[in-house]
Every structure is written in C-alpha cells, then in structure tokens.
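Below is one structure, written out as structure tokens; comments come after it.
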Amino acid sequence: MDTDTRTDTADTGAGGAVGEEVIPILYVQDAAVAVAWYERLGFTPQWEHRFAPGLPAFVEVARGGVRLFLSEHHGDARPGTLVYLRVRDVDALAAAFGERPAEQPWAREIEVRDPDGNRVRIGTPTE
C-alpha cells in the first residue's frame with residue numbers, strides 16, 4: 001500500500017505540461033528531524049511519501065520556488081552533500097544560526113550543516 005501525503009500539485013506550463021527543474025536530493029536519517037531543521041531556513045514541507053508505514057520517507061520541502069527532496073532511502077544521495085541557496089538577505093539567516101557572513105567576491109555567504117551533515121551554503125550576491 002502506498003502512503004502519500006502529497007498536498008501540492010506539480011508546476012505546469014502552458015497546456016498543463018510539467019515544467020522542467022532540477023531538485024537536489026539529500027540523504028537524511030530522520031525525515032521529521034530534517035524537516036524541522038529546514039523549516040529554520042524558511043522551507044515548508046510539501047508532501048511525504050512512504051511505500052508503507054514504517055518504511056523510509058521521501059519528503060519535499062520548498063522555499064518559494066526552491067525545492068529539496070529529503071530521502072531516508074539508502075543510496076539516494078551521499079551524506080555530506082553541498083547545496084547552494086541564493087537568498088535576498090543572508091544576514092537574517094546568519095543571525096538565526098549565529099553565523100557571521102563571509103565576504104566573497106561573488107556573494108556574502110554562510111555555510112551551515114543539517115543534522116545529517118549535509119552542507120547548505122547560503123549567499124546573497126554582491127552588486
């Protein structure tokens with residue numbers, strides 16, 4: 001039995017065609033813990049799928065048009081993956097995580113790690 005708590009619908013283009021996008025998949029040991037952590041970054045859970053109760057979860061979180069898949073399935077992704085999140089105001093997130101942005105030629109950035117060691121580099125582009 002398939003248990004899918006999907007509440008959103010796929011983005012569609014003209015004529016109902018599904019739009020194209022890249023969605024990183026991050027390995028997580030406990031999806032509920034990971035979702036709570038990503039909520040601190042402004043992501044909201046969209047849906048969760050399990051093939052049956054007690055089996056590994058596969059979850060989508062989104063922040064505006066940015067989506068991530070969080071998977072408890074071994075082999076879906078490597079632990080310690082790095083994703084880059086470009087935001088309008090890195091300072092707000094830096095304050096929330098007790099970080100100080102580093103000045104790079106391309107952006108002001110911080111890097112944080114989720115509970116599973118995945119790295120999220122967050123930056124606001126410089127002018």
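Predicted model only: the values in this text are computed from it and were never measured.
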Donor-acceptor pair, [X] side chain versus [Y] backbone, under 3.5 Å?
{"X": "Gln46", "Y": "Thr44", "answer": "yes"}
{"X": "Glu72", "Y": "Ala57", "answer": "yes"}
{"X": "Arg40", "Y": "Ala96", "answer": "yes"}
{"X": "Asp116", "Y": "Gln29", "answer": "yes"}
{"X": "Arg108", "Y": "Thr124", "answer": "no"}
{"X": "Arg63", "Y": "Leu41", "answer": "yes"}

**Report entry** Residues Val120, Glu111; criterion side chain to side chain contact (heavy atoms under 4.5 Å, CB included); working and verdict
**Finding:** CA-CA 6 Å; Val120 181; Glu111 185 171 297; over 6 Å; no
Side chains of [X] and [Y]: closer than 4.5 Å at any heavy-atom pair?
{"X": "Pro24", "Y": "Thr81", "value": "no"}
{"X": "Phe69", "Y": "Val28", "value": "no"}
{"X": "Arg86", "Y": "Pro125", "value": "yes"}
{"X": "Trp37", "Y": "Val112", "value": "yes"}

Indicate, with yes or no, if [Y] and [X] share a hydrophobic cluster defined by side-chain heavy-atom contacts under 4.5 Å among Ile, Leu, Val, Met, Phe, Trp and Tyr.
{"X": "Phe97", "Y": "Leu68", "result": "yes"}
{"X": "Phe43", "Y": "Leu70", "result": "yes"}
{"X": "Tyr84", "Y": "Val61", "result": "no"}
{"X": "Val83", "Y": "Val59", "result": "yes"}

Requested in this report: Check the surroundings of atom CD in Glu20: do more than 12 heavy atoms from other residues, nucleotides or ligands lie under 6.0 Å from it?
Outcome: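 Check fails, neighbour count at 12 or below.
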So, for [X] and [Y], which heavy atoms are closest and what is the spacing to 0.1 Å?
{"X": "Ile25", "Y": "Ala77", "value": "O-CB, 3.2 Å"}
{"X": "Leu82", "Y": "Arg121", "value": "CD2-NH2, 3.7 Å"}
{"X": "Gly80", "Y": "Asn118", "value": "N-OD1, 3.3 Å"}
{"X": "Ile23", "Y": "Arg67", "value": "CG2-O, 3.6 Å"}
{"X": "Pro101", "Y": "Glu99", "value": "CD-O, 4.0 Å"}

Report task. Taking only Lys NZ, Arg NE, NH1 and NH2, and the carboxylate oxygens of Asp or Glu, determine whether Asp114 and Arg119 approach each other closer than 4.0 Å. Result -> no
Requested in this report: Name the orientation class of the two ring planes belonging to Tyr27 and His74 (parallel below 30°, tilted from 30 to 60°, perpendicular beyond 60°).
Outcome: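 The rings of Tyr27 and His74 sit tilted, inter-plane angle from 30° to 60°.
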Rounded to the nearest 0.5 Å, how far does [atom2] of [Y] lie from [atom1] of [X]?
{"X": "Ile110", "Y": "Ile122", "atom1": "CD1", "atom2": "CD1", "value": "4.0 Å"}
{"X": "Glu103", "Y": "Glu109", "atom1": "CD", "atom2": "CD", "value": "10.0 Å"}
{"X": "His49", "Y": "Leu55", "atom1": "NE2", "atom2": "CG", "value": "9.0 Å"}

